[in-house]
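Remarks on the structure that follows.
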Amino acid sequence: MRNALDIRMVANRYAAKLQLCSPQDPASFSLARAVHGHMIASGFKPRGHFLNRLLEVYCKSSNVVYARQLFDEIPSPDAIARTTLITAYSASGNLKLGREIFNGTPLHLRDTVFYNAMIIGYSHNDDGLSALELFRAMRRDDFRPDDFTFTSVLSALVLVVGNEQQCGQMHCAVVKSGMGCVSSSVLNALLSVYVKCASPLAISSSAMVSARKLFDEMPKRDELTWTTMITGYVRNDDLNGAREVFESMAEKLGAAWNAMISGYVHHGCFQEALIMFRKMRSLGIQHDEVTYTTVISACANGGFFQQGKQVHAYILKNELNPNHNLLLSVNNALITLYCKNDIVDEARKVFDQMPLRNIVTWNAILSGYVNAGRIEEAKSFFEEMLEKNLLTLTVMISGLAQNGFGDEGLKLFKQMRLDGFEPCDYAYTGAITACSVLGALENGRQLHAQLVHLGYNSNLSVGNALISMYARCGVLEAAESVFLSMPFVDLVSWNAMIAALGQHGYGAKAIQLFDQMLKNGVFPDRITFLTVLTACCHAGLVEEGRHYFSLMFENYGISPDEDHYARMVDLFCRAGMFSYAKNIINTMPSKPGAPVWEALLAGCRIHSNLDLGIEAAEQLFELTPQHDGTYVLLSNMYADVGRWNDVAKVRKLMRDQGVQKEPACSWIEVENEVHVFLVDDDVHPEVVSVYRYLEELGLEMKKLGYVPDTKYVLHDMECEQKEHALSTHSEKVAVAFGLMKLPPGATVRVFKNLRICGDCHNAFKFMSKVVKREIIVRDRKRFHHFKNGECSCGNYW
DNA sequence: GTAGGGTTAG
């Protein structure tokens, strides 16, 4: 057992070590933790410079949570400590917390560096306006700007300024700023402003001419100046210009090479990039971390997986150990390479071997899990993460939404705002997808309104998500208006809009839009054909479906996969063309899977084709024994022809297999609509209130005759479950409730987590005809619009 | 204690 003195001595020894190590060194964090721990254990109160040093290590190793704990223990943190923490917050994207520290700092504790840190934070996080606002405040508070201030403010200006004229004004302002002789660092920043304004995305290419003029007139050019010019030309799609500047450099250093390589990569000249990569080495110019990072990420994004692996091997062979901490970003790029090629486990190996990781590393793996659909692993990995930034949350929100966890996605979206993160356009995209999954139309509308307010509504991915959301929530007009208002659309937008029309039963319109897409020169993909075939299914367009199915391969070289075949089977079966359905199943290159058999079984039920239906069901019992839909369809098929003993057998089999029956439901009233959600938990408070109405509604329903007579309700379950009939089919109850309580003409909407059953489908059709009201139902698979006894999805789903 | 060029997570 050591005594306090020993502990203090050890602590002091660590402290001395800590002074020597670089804050970026991976070992420094654990060292700092050890020192800190010893100090706490010994009751030793570190002060002043030493505390700041500890704080710096925590911050620079991206451990901002520890940093904050330490900061809060400092009795009166000075400007240095505050600056350090603000910088760490802005590096992790949490400006709000940084600004809190800033605002809580009295004027007498502030200095120029302190202001600079906050301005830089804003500018790094793309918030140019706040940076400029702070710059004004700084001058109002009488602090003198220095070179750091000017360079940061200039880079912030790029974010809010779009044209060359404004660049020119800035140029004059900088020259006039009283500094007489403008320092070369400020001139470099100015050059960078011109160059960024000149990028094709940001309007003016004549800004490049001005940039060139400034460049030619600069009294002193350093490596940074040259590299800025090279990237300027690259961004302006002028590879020759870039090359010319590069060639005219007397001494070409690494960064310039990297800029050229990156230029080639961005213009798809991958071979050129690799040639330069090799040439560097042959001329004796060291590849550095950035070179490797660029080349590997190029391979990852350009689909050159094999070359990427070769570079990896090359690093392992020639370049020491990639586990060295300097190669953090290289390892990060490697992770992306493996994730993009669906080898998350390989990426995870790289991750596990890394001595130092940062937020990028963690986010890369997280998105790897998410993109591979491995949502459970993504969830637990997310929980493990101590440090999260905007991107972490965004990835997780989209991941949850895309994998059916809409409620969790929306919850996280709300939480991120409470935690001080301002959601970006991608985060909104995820949240809208979550609404889409949940059928949460009102929530989606609110988000849409916020997006318009923020100016994000013209963003491509946001627009695409909105189209799907409105379509899946049954508001086709809104989906259409989003599509039409988008300044740019891509294949995903077309696919989403074609799907929207198809979902609503407008098969012909969907095909028209598809033709228009082709006329616009957009090349379809497998999803496009899937949506077109689905549209044909919903509208019963058999000949058209066959046409597009063959067109897909013949004209576009896309081989049909499982889902395409399933659509075709569906299409034929609905039309009663069973020999065609069987025929197409026989031509499949691989063994048919569950989607194909499901389509066959559903079709057999419509036409009471028992023999074929049983065959399909047997296949399904082998492939997906836990899937409830098979049992329900099969028993319904028997019920339709009055074979009640077989119904009971199927139900018993289902119970023996431990397959859950449909869950109960809950409902909410929103304005003039009734929304119904099915939940797994029948003690859900909303379900309880449904039960409260049950008796009354039962009477009413009988009296009004809205629900077809008993066969439809009762044949779906075993005798002993009859008393629960209404709760397992409670969407009918809810609709009846809606029809009674809502004003005439209001639409009734029903949302369900599972597929609605055939009986409810029939009931809805019946109700829509008898009471002359439109009923909108959405389940996990489809959208149904009932009107005058017909449904948009055809005879059956 | 704070940047400015080349790079890594959607």
Side-chain angles (χ1 to χ4, degrees), chain A residues 23 49 52-53 55-56 59-60 77-88 90 111-121 123-124 146-156 183-193 195 222-232 234 253-263 265 288-298 300-301 327-337 339-340 347 357-368 370-371 389-399 424-427 429-430 461:
Chain A
H49 177 68
N52 283 353
R53 173 70 177 173
L55 189 69
E56 190 190 353
C59 285
K60 292 217 169 130
D78 61 7
I80 295 176
R82 289 161 193 268
T83 306
T84 309
L85 190 60
I86 287 173
T87 304
S90 46
D111 59 15
T112 295
V113 180
F114 175 78
Y115 276 91
N116 288 349
M118 196 68 228
I119 291 174
I120 288 159
S123 128
H124 275 178
D146 61 8
D147 271 9
F148 280 81
T149 325
F150 283 118
T151 53
S152 324
V153 168
L154 280 171
S155 67
S183 78
S184 66
S185 65
V186 175
L187 280 177
N188 276 342
L190 196 53
L191 184 70
S192 161
V193 173
V195 156
D222 57 16
E223 197 193 346
L224 195 143
T225 324
W226 289 94
T227 315
T228 305
M229 274 315 276
I230 292 172
T231 41
V234 165
L253 294 173
W257 284 86
N258 293 341
M260 272 318 291
I261 291 176
S262 152
V265 164
D288 67 3
E289 190 183 0
V290 177
T291 323
Y292 291 127
T293 311
T294 311
V295 171
I296 293 168
S297 91
N301 294 316
L327 297 175
L328 173 65
S329 72
V330 178
N331 276 321
N332 289 346
L334 280 171
I335 287 178
T336 311
L337 176 76
C339 284
K340 283 246 163 87
R357 308 177 187 112
N358 64 5
I359 186 81
V360 177
T361 326
W362 286 83
N363 284 344
I365 294 280
L366 182 71
S367 75
V370 162
N371 289 333
N389 66 9
L390 186 60
L391 198 115
T392 321
L393 297 163
T394 305
V395 168
M396 200 59 212
I397 291 168
S398 309
C424 61
D425 43 0
Y426 285 106
T429 306
S461 65

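Below, read A as the first sequence line, B as the second, and so on, with proteins coming before strands; counting in each chain starts at 1.
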Take the protein atom CG of A:Leu393 and the nucleotide atom P of B:dA9, then report the distance between them rounded to whole Å.
18 Å

Does any non-hydrogen side-chain atom of A:Thr293 lie less than 4.5 Å from one of A:Asn332?
no

Once you apply a heavy-atom cut-off of 4.0 Å, does A:Asp111 come out as touching a base, just sugar-phosphate, or nothing?
base

Taking any heavy-atom pair under 4.0 Å as a contact, classify A:Tyr115: base, sugar-phosphate, or nothing.
nothing

Grab the CZ-P distance between A:Arg357 and B:dT8 for me, whole Å please.
21 Å

Please check: side-chain N/O of A:Ser192 versus main-chain N/O of A:Asn188, any donor-acceptor pairing under 3.5 Å?
no

Evaluate side-chain hydrogen bond (donor to acceptor under 3.5 Å, both in side chains) for A:Ser329 paired with A:Glu289, printing each intermediate quantity in order.
CA-CA 7 Å; A:Ser329 72; A:Glu289 190 183 0; 3.1 Å; yes

Whole Å only: how far is the CG atom of A:Leu334 from the C1' atom of B:dT7?
13 Å

Could you go step by step and tell me if A:Thr294 and A:Asn258 meet the side-chain hydrogen bond (donor to acceptor under 3.5 Å, both in side chains) rule?
CA-CA 7 Å; A:Thr294 311; A:Asn258 293 341; 5.4 Å; no

Closest nucleotide among B:dT7, B:dG6, B:dG10 to the A:Ser329 side chain:
B:dT7

Within the 3.5 Å criterion, strictly below it, is a donor on A:Thr151 or A:Ser185 matched to an acceptor on the partner's side chain?
no

Look at the side chain of A:Glu223 against the base of B:dG5 and say whether a donor-acceptor pair falls under 3.5 Å; ignore hydrogens and angles.
yes

Looking only at B:dG1, B:dG10, B:dG5, the nucleotide nearest the A:Ala255 side chain is B:dG5

Examine the base of B:dG5 for any acceptor or donor lying under 3.5 Å from a partner atom in the side chain of A:Asn188, and report the outcome as yes or no.
no

Shortest side-chain distance from A:Glu56, nucleotide among B:dG5, B:dG1, B:dG10
B:dG1

Given B:dG10, B:dT2, B:dA9, the nucleotide with the shortest approach to the side chain of A:Asn363:
B:dA9

Given atom CD1 of A:Ile335 and atom C1' of B:dG10, what is their separation to the nearest angstrom?
15 Å

Check every strand shown and say whether A:Ala256 touches a base, only sugar-phosphate, or nothing at a heavy-atom separation below 4.0 Å.
nothing

Nearest-Å distance, CD1 (A:Ile261) to P (B:dG5)?
19 Å

Could you tell me the separation between the CG atom of A:Asn389 and the P atom of B:dT8, rounded to a whole number of Å?
16 Å

Report the distance from atom CG of A:Leu253 to atom P of B:dG5, rounded to the nearest whole Å.
17 Å

Rounded interatomic separation in angstrom, taking CZ from A:Phe114 and P from B:dG1:
16 Å

With respect to the phosphate group of B:dT8, does any side-chain polar atom (N or O) of A:Ser297 fall under 4.0 Å of OP1 or OP2?
yes

Where the side chain of A:Thr151 is defined as all heavy atoms beyond and including C-beta, which of B:dA3, B:dA9, B:dG6 is the nearest nucleotide?
B:dA3

Classify the nucleic acid contact of A:Thr231 as base, sugar-phosphate or nothing, counting any heavy atom under 4.0 Å across all strands shown.
sugar-phosphate

Tell me what A:Ser262 touches on the nucleic acid: a base, only sugar-phosphate, or nothing, going by heavy atoms under 4.0 Å.
sugar-phosphate

Look at all strands and tell whether A:Thr87 reaches a base, only sugar-phosphate, or nothing, counting heavy atoms closer than 4.0 Å.
sugar-phosphate

Nearest-nucleotide pick for A:Ala117, side chain only, options being B:dG4, B:dG10, B:dT2
B:dT2

Touch check for A:Cys59, heavy atoms < 4.0 angstrom, all strands: base, sugar-phosphate only, or nothing?
nothing

For A:Val113, answer base if it contacts any base atom (sugar-phosphate contacts may also be present), sugar-phosphate if it contacts only those atoms, and nothing otherwise; contact means non-hydrogen atoms under 4.0 Å.
base

For A:Arg357 and A:Trp362, indicate whether the former's side chain and the latter's backbone hold a donor-acceptor pair under 3.5 Å.
no

Over all strands shown, is A:Asp78 touching base, sugar-phosphate only, or nothing at heavy-atom distances under 4.0 angstrom?
nothing

Of all the choices, B:dT8, B:dG10, B:dG1, which nucleotide is nearest to the side chain of A:Ser367 once you look at every atom?
B:dG10

Can you find a donor-acceptor pair, distance only, under 3.5 Å between A:Asp288 side chain and B:dG6 base?
yes

So, is A:Lys340 close to the B:dT8 phosphate, meaning a side-chain N or O under 4.0 Å from OP1 or OP2?
no

Is there a donor and acceptor pair closer than 3.5 Å between the side chain of A:Thr293 and the base of B:dT8?
no

Verdict with supporting geometry, A:Thr361 and A:Asn331, side-chain contact (heavy atoms from CB on, under 4.5 Å)
CA-CA 8 Å; A:Thr361 326; A:Asn331 276 321; over 6 Å; no

Out of B:dG10, B:dT2, B:dT8, which nucleotide sits closest to the side chain of A:Ala333?
B:dT8

